[in-house]
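Residue numbers start from 1 in every chain, and the chains themselves are labelled A, B, ... in the order their sequence lines are given, proteins ahead of strands.
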Amino acid sequence: MPEMVIHTEKLSKHFKGVQALTDLSMDVPAHSIVGFLGPNGAGKSTTIKLLLGLIHPSSGRASIFGQDITRHSLEIRQRVGYLAQQPKFDEAMTARQTLRFVAKFFYSGPKQLIEARVEESLKLVGLDDKADRVVRGFSGGEMQRLGIAQAQINEPDLLILDEPAAALDPMGRRDVLNIMERLRERSTIFYSTHILDDVQRVSDRVVILNKGSLVAQGPIESLLQSEEGAIYHVALNGDVETAQARVKALSWVNNLFVRNSNGVTHWQVGVTDTAAAEQLLLRTIMADDDIQVLEYGPETYELEDVFMKVVQ
Amino acid sequence: MTVTQKLQSKKSIGYLSGFGNLFARESRKWWRSRRWWMQSLLWLVILNGIVVFGLFVMPTLVEESGAEMQQAAESGVQTMTAEQFQQDVPNLLFGLATFFLPVGVIILVQGQVYAEKQSGITAWILSKPVVRPAYLLAKFLADWIGIVLVLVILQMATAYLLLTSVIEVNTVGYITAVALLIMLLLFYQSFTLMMSVMGNSTEIVLGASMGLFLGGSLLKNPLAQIFGDAVFATPWMLPDAIALAVTGEPLPPQLQITVVAVPALTVACLLLMIWQFHRQEL
């Protein structure tokens, strides 16, 4: 069993008359990148604020690095980096001063090494040429980059990012994803987002919330598989009638849809027993020498399909 | 070996974790911006302007209108000589200071917490290894130092030099009055900061703080008739104590209650502010 960096048990939060989060039980394993998904108002930011001790749980419990979030919040925050949804900094400070300010919460010295760390962070997010500009004049994208720089300045064991790519153009988004991939070597990354393509690209796992409740969590590959057993896609050439009858007769095949396209026959075979299908389906089809199998494999879904299905 | 491996990590465990860094940030707002010299200039003009006027301009005007003053005195109108005007300047100075400086302090402090809470800066700072009291106390202490040095010490030291160049001043009484003035400002600073923690708009914070100050100042006499000596346990009576102290006269027992009650109220505001901030959700 992998070490869990974040673990919550029936974590709930209600604000005056509004149930923002209900019985959230989730796990985030060490050194993983976990996408935290859900429509607006699903409870993502509430969960993140609970984990950081910015708001207090109504019931349930949660731990980070095995330490309780309410009793050991200070120790936890020593090892966490956080980027808010709309990062705001002291507008009178420059980017360099902002990072220096944050670094001094974590490091006592020596001064030149703190400065070197600040410089390194500015370069990481491509703000080294704007280091001495006051934050007041920064664009949304620059603010986001500064937010990422300050979140990782203490080389945290856990990075919590609330919509890190939200205000960025495609180039900026790509850069952020690259930074996240680089940071995964030393950190666990838990981030909320609406950009499902990004999640599919960099995440190992996803946690999906809807209306304050958990609706799905797990490794991304398993979520992308069909939930009602597996569906296999087979593309065939030749006389398929006999093979079709043989496959339909199998006890664990519950449906078979046929489609012809450009002289190729496509089957979608729904199965109830994946293990049996893996062992016998291809063998059953191939038993007929007149058939050529052009493509074969379990049907895969896009994350967007899964997301839409679970939140609707 | 990377840079971070050599960096010395802070052990941020304790009741004031993050205080030093936050205090430096708050102090920068005073001393590395225009604030210190703008405030210095503003209060020099208001407070020491009146001292210069009372000491040097007013006596000249009185002397120039000597004949008219003589006539007025003869017809029974109460008049003051140039010397009497000059002798009254310390009272005038502290009278103005006890009215305008609390207003200045309230305006300076009012946005300190709620504005940062609304913008998300407070949540950002408290996501770092910072304890909540440290966030508030850093603001309180940095402002207190700025207020005492710029609004009080600089102004009152300048005024003292001006006054002693012309008239005799009871130095002990003057220092006591300055100390009581600091006590008065400290109370309004604490109260306004507390309101800035509890409130969520300029109207609420400014309204409550100004309301307490102006309402109390205007209504203290009617309130004294209703509540008797209980009014002496409020900051509204402190200007009376200051006016008495500057003359060098001892404070009557009722005003001694004020001198004890105001620091106690200040501490109560600070404790209430910290307790309230602990419960707040950001």
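The distance from atom NZ of Lys128(B) to atom NZ of Lys104(A), rounded to the nearest 0.5 Å, is 16.0 Å. From Trp124(B), atom CH2 reaches atom CG of Leu83(A) across 11.5 Å, with rounding to the nearest 0.5 Å. Between atom CZ of residue Phe101(A) and atom CZ of residue Arg25(B) there is a gap of 5.0 Å, rounded to the nearest 0.5 Å. Interatomic distance, Leu126(B) CG to Ser73(A) OG, rounded to the nearest 0.5 Å: 9.5 Å. For the atom pair OG of Ser17(B) and CZ of Arg77(A), the computed distance is 8.0 Å after rounding to the nearest 0.5 Å. Note: Leu7(B) CG to Ile153(A) CD1 = 9.5 Å, rounded to the nearest 0.5 Å.
For a heavy-atom cut-off of 4.5 Å, chain A lies close to His278(B), Arg279(B), Gln280(B), Glu281(B), Leu282(B) in residues 274-282 of chain B.
Heavy-atom neighbours of Trp144(B) CH2 from other residues, nucleotides or ligands within 6.0 Å: at or below the threshold of 12. When the shell of 6.0 Å around CZ of Arg186(A) is examined, it contains more than 12 heavy atoms from other residues, nucleotides or ligands.
Here the shortest heavy-atom pairing between Gly18(B) and Phe105(A) reads O-CE2, 3.9 Å. Scanning all heavy atoms of the two residues, the minimum distance from Lys6(B) to Pro110(A) falls at O-CD, 4.2 Å. Between Ser127(B) and Leu54(A), the closest heavy-atom pair is N-CD2, 4.2 Å.
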*Step by step, work out the side-chain contact (heavy atoms from CB on, under 4.5 Å) result for Tyr107(A) and Ser9(B).*
CA-CA 4 Å; Tyr107(A) 303 117; Ser9(B) 291; 4.0 Å; yes

task: Might you work through the side-chain contact (heavy atoms from CB on, under 4.5 Å) test for Phe89(A) and Ile121(B), ending with a clear yes or no?
output: CA-CA 6 Å; Phe89(A) 308 108; Ile121(B) 288 177; 5.8 Å; no

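Of the atoms belonging to Lys49(A), it is side-chain heavy atoms, and not backbone ones, that fall under 4.5 Å from chain B. Contacts between Lys13(A) and chain B at a heavy-atom distance below 4.5 Å involve the side chain alone, from C-beta outward. Proximity to chain B (any heavy atom under 4.5 Å) is shown, for Gln150(A), by both the backbone and the side chain.
With chain A as the partner, the residue from Gly120(B), Ser119(B), Gly20(B) showing the most heavy-atom pairs under 4.5 Å is Ser119(B). Across Met93(A), Arg79(A), Gln97(A), the residue that shares the most heavy-atom pairs under 4.5 angstrom with chain B is Met93(A). Of the listed residues Leu52(A), Val80(A), Val102(A), Ile160(A), the one with more heavy-atom pairs under 4.5 angstrom with chain B than any other is Val102(A).
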